[in-house]
Undergrad: 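Okay, here's the structure, questions in a sec.
As a basis for the values below, the full set of heavy atoms in this structure was taken, side chains included, without hydrogen atoms, waters or symmetry mates.
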Amino acid sequence: MTTPTVFFTVVLKGAAMMERDYLSRMSRAARWCLPPAEAAEVLEDYREIAEGRSEEALRRDLGSPWEAARQLAQTRAYRRWVAVFAVLAACVLLPAVLPVLSVLSGMAIFRFQAYGVDWLWWFPGLCDTIAPFRSGFFVTGTALALVWFRRGSGEGRRRTLPKGAVLLLVFLLIGIAFQWLVAWIILAEPAEILEAMTYQIADAMRLTMTLDMFVMGAIGMFALVQARMTDRRWRAVYILALAGCILGLSIYALWSSMDVSFGSAGWQARILLQYVAITALGLVGTGVSLC
C-alpha cells in the first residue's frame with residue numbers, strides 16, 4: 001500500500017470515528033430532550049445527514065449535539081419533562097441523602113464540637129422536618145413514575161429486560177432485607193442481641209443503614225435517567241429504590257424518635273404494618289413497571 005493510500009485511509013477512518021462521536025452525543029442529547037418516538041425519528045434523519053461528513057462540518061452546519069436537540073424539542077414539552085424529573089429526583093434523593101448527612105453531622109458535632117461546628121445541626125433538623133412527609137414522597141414518586149413512563153409514551157414494546165436492571169433489583173432487595181433486619185431488632189427487641197449491643201455497634205449499624213439508603217438513592221437516580229434515555233422499564237428499579245429509601249427513612253425516624261407513646265402496649269403492630277405496606281407497594285409497583 002502506497003503512502004498516499006495509507007494517508008487517505010487514516011483520514012477516512014478518522015472522519016468516520018468523528019462522525020460516530022457526534023452521532024453518539026446526538027443520540028444522548030435527543031433521548032434526553034425528546035420523547036422516545038421523536039428521538040428515534042430524529043436520530044434516523046441525522047444518521048443520513050451525517051454520513052461521510054466530519055464532525056467539524058456537522059458542528060458548523062448543525063451546531064453542537066445539545067444545541068441541535070434543544071432546537072428540535074418543543075419548549076413546553078421539554079420543560080414539563082424537566083419538572084417531572086425534578087420531582088422524581090427530589091422524591092428519591094431527599095430520603096436517601098438527609099439521613100446519612102444527619103448521622104455524619106451528629107458524629108462530627110460530637111467529635112469536633114470545640115471547633116464551632118454547631119451549624120451542622122441544620123442537617124438533623126431538616127431530616128426531622130421531611131420525615132413526616134415520607135408517605136407523600138413515596139406515593140408521588142411511584143405514581144408519577146408509573147404514569148410518565150407508561151407503555152403508550154412512544155417507546156416500542158421490548159421482550160428482554162434492560163441490561164443490568166435485574167442485578168440492581170437484586171442488590172436493592174438485599175438492601176431492603178438489611179433494613180428489615182434492623183427493624184426486627186428495634187421492634188422485637190431480642191434479648192440476646194440487645195445484651196451484646198454496644199453504643200459503638202448501634203452507631204455503626206445506624207450509619208450502615210443510612211449509607212445503604214444513600215446507595216439506593218444513587219441507584220434510583222441512575223434508573224430514572226436510564227428510563228428516559230433507554231428503556232421505560234428502568235422505572236421498576238427507580239420504584240424499588242424509592243421504596244427502600246422510604247422504608248429506611250421510616251426506620252431511621254423510629255430509631256431517632258423520642259416519642260414516649262412508643263412505650264405503650266401494641267405500638268410495634270402499627271409500625272410493622274407501615275413497614276409491610278411500604279415494602280408490598282414497592283414490590284407491586286416494581287412488578288407492574290416490568291410489564
Undergrad: For V147, is there any backbone N or O sitting under 3.5 Å from a side-chain donor or acceptor partner on R150?
TA: yes

Undergrad: Of all residues at least two apart in sequence or in a different chain, which pass the salt bridge (Lys or Arg N to Asp or Glu O under 4.0 Å) check with R206?
TA: D203

Undergrad: Is it the case that the side chain of S27 and the backbone of L23 share a donor-acceptor pair, with hydrogens and angles ignored and the cut-off at 3.5 Å?
TA: no

Undergrad: Considering only heavy atoms from C-beta outward, does the side chain of E41 approach that of L34 to under 4.5 Å?
TA: no

Undergrad: Quick one: CZ on R233 to CZ on F149, what's the gap to the nearest 0.5 Å?
TA: 14.0 Å

Undergrad: Please determine whether a side-chain nitrogen of the Lys or Arg among R47 and E44 lies less than 4.0 Å from a carboxylate oxygen of the Asp or Glu.
TA: yes

Undergrad: Under 3.5 Å, which donor-acceptor pairs link side chains of residues 284-291 to any protein atom two or more places apart or in another chain?
TA:
| from | atom 1 | to | atom 2 | distance (Å) |
| --- | --- | --- | --- | --- |
| T286 | OG1 | G282 | O | 2.7 |
| S289 | OG | G285 | O | 2.7 |

Undergrad: Determine whether V92 and M221 make a side-chain contact, defined as any pair of heavy atoms from C-beta on separated by less than 4.5 Å.
TA: yes

Undergrad: Which is it for C33 and W81 under the side-chain contact (heavy atoms from CB on, under 4.5 Å) test, yes or no, and what are the steps along the way?
TA: CA-CA 8 Å; C33 295; W81 154 241; over 6 Å; no

Undergrad: Measure across I278 and F138 and return the closest heavy-atom pair with its distance rounded to 0.1 Å.
TA: O-CZ, 3.7 Å

Undergrad: Is the centre of the W32 ring less than 6.0 Å from the centre of the F85 ring?
TA: yes

Undergrad: For Y275, does its backbone N or O pair with a side-chain atom of T279 as donor and acceptor, under 3.5 Å?
TA: yes

Undergrad: Does any part of the side chain of T142, heavy atoms only, come nearer than 4.5 Å to the side chain of L281, both counted from C-beta?
TA: no

Undergrad: Rounded at 0.5 Å granularity, tell me how far CD in Q226 sits from CZ in R232.
TA: 15.0 Å

Undergrad: Roughly how far, to the nearest 0.5 Å, is CG of L187 from CZ of R270?
TA: 11.0 Å

Undergrad: Linking I/L/V/M/F/W/Y whenever their side-chain heavy atoms sit closer than 4.5 Å, directly or via other members, would L207 and I186 fall into one cluster?
TA: yes

Undergrad: Write down the atom of M213, the atom of A96, and the distance for their closest heavy-atom approach.
TA: O-CB, 3.4 Å

Undergrad: With side chains defined as the heavy atoms from C-beta onward, is the minimum distance between L72 and E38 less than 4.5 Å?
TA: no

Undergrad: Check whether any side-chain heavy atom of L283 sits under 4.5 Å from a side-chain heavy atom of L173, and report yes or no.
TA: yes

Undergrad: Would you name the heavy atoms of A29 and P65 that are closest together and state the gap between them?
TA: CB-O, 3.7 Å

Undergrad: Looking at R28 and M229, would you say the former's side chain and the latter's main chain have a donor-acceptor pair under 3.5 Å?
TA: no

Undergrad: Okay, side chain of R134, backbone of A131: is any donor-acceptor separation there less than 3.5 Å?
TA: yes

Undergrad: Let me confirm one number: the CH2-CG distance from W180 to L272, rounded to the nearest 0.5 Å.
TA: 5.0 Å

Undergrad: If you take all heavy atoms of I251 and M209, which pair is closest and at what distance?
TA: CG2-SD, 3.7 Å

Undergrad: What distance do M26 atom CE and L43 atom CG have between them, rounded to the nearest 0.5 Å?
TA: 6.5 Å

Undergrad: Are L224 and V139 in one and the same hydrophobic cluster, where Ile, Leu, Val, Met, Phe, Trp and Tyr link if side-chain heavy atoms are under 4.5 Å apart?
TA: no

Undergrad: Nearest 0.5 angstrom please: W184 CH2 to L181 CG, how far?
TA: 7.0 Å

Undergrad: Closest approach of R59 and S64, non-hydrogen atoms and distance?
TA: NH1-CB, 3.5 Å

Undergrad: To check you understand the geometry: which heavy-atom pair defines the closest contact between P162 and W234, and what is its length?
TA: CB-NE1, 3.1 Å

Undergrad: Does W148 form a side-chain contact (heavy atoms from CB on, under 4.5 Å) with R235? I'd like the steps, not just the answer.
TA: CA-CA 10 Å; W148 185 265; R235 65 181 179 171; over 6 Å; no

Undergrad: Below 4.5 Å, heavy atoms only, C-beta onward: do T208 and D212 meet side chain to side chain?
TA: no

Undergrad: Answer yes or no: does atom CZ of F171 have more than 12 heavy-atom neighbours from other residues, nucleotides or ligands under 6.0 Å?
TA: no

Undergrad: With a cut-off of 3.5 Å and sequence neighbours excluded, list every side-chain donor-acceptor pair involving residues 237-249.
TA:
| from | atom 1 | to | atom 2 | distance (Å) |
| --- | --- | --- | --- | --- |
| Y238 | OH | L88 | O | 2.6 |

Undergrad: For side-chain contact (heavy atoms from CB on, under 4.5 Å), just list the numbers for L168 and F222, CA-CA rounded to whole Å, side-chain angles, deciding distance to a tenth of an Å, and then say yes or no.
TA: CA-CA 10 Å; L168 289 180; F222 172 77; 4.0 Å; yes

